[in-house]
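A short worksheet on the structure shown next.
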Amino acid sequence: MVSLTDVSGFDSRWIPLLLGLFGLGSFIGVSVRGGLAGTRPFQLLAVGSAALPSLSQHPTPQ
């Protein structure tokens with residue numbers, strides 16, 4: 001089984017901090033973009049749909 005330390009290359013003592021930062025960033029992103037989605041849903045959908053193909057051209061190496 002592959003562990004997070006194997007994939008990320010970080011020592012196991014850094015994983016809780018990194019996951020906490022990821023959670024904080026996710027919370028902030030959902031809070032900010034959630035408000036924008038409530039006021040301008042179609043514009044946000046158009047921008048997100050246009051940005052998705054360009055952002056997904058470089059998959060994560062395995």
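The residues of the chain are indexed from 1 along the displayed sequence.
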Exercise answer: donor-acceptor pairs, residues 1-8 side-chain atoms, under 3.5 Å, sequence neighbours excluded:
unit_1	atom_1	unit_2	atom_2	d
S3	OG	T5	OG1	2.9
S3	OG	D6	N	3.4
S3	OG	D6	OD2	3.2
D6	OD2	S3	N	3.4
S8	OG	L4	O	2.8
S8	OG	F10	N	3.2

Identify every side-chain donor-acceptor pair in residues 29-42 under 3.5 Å, counting partners at least two apart or on other chains, and give the distances.
unit_1	atom_1	unit_2	atom_2	d
S31	OG	F27	O	2.8
T39	OG1	G35	O	3.4
T39	OG1	L36	O	3.2

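When hydrophobic residues (I, L, V, M, F, W, Y) are linked wherever their side-chain heavy atoms come within less than 4.5 Å, V47 remains an isolated member.
Among residues at least two apart or in separate chains, salt bridge (Lys or Arg N to Asp or Glu O under 4.0 Å) pairs with a member in residues 9-19 are D11-R13.
Partners of L17 under the side-chain contact (heavy atoms from CB on, under 4.5 Å) rule, at least two apart in sequence or in another chain, are W14, L21.
The shortest heavy-atom contact between S54 and A50 is OG-O, 4.3 Å.
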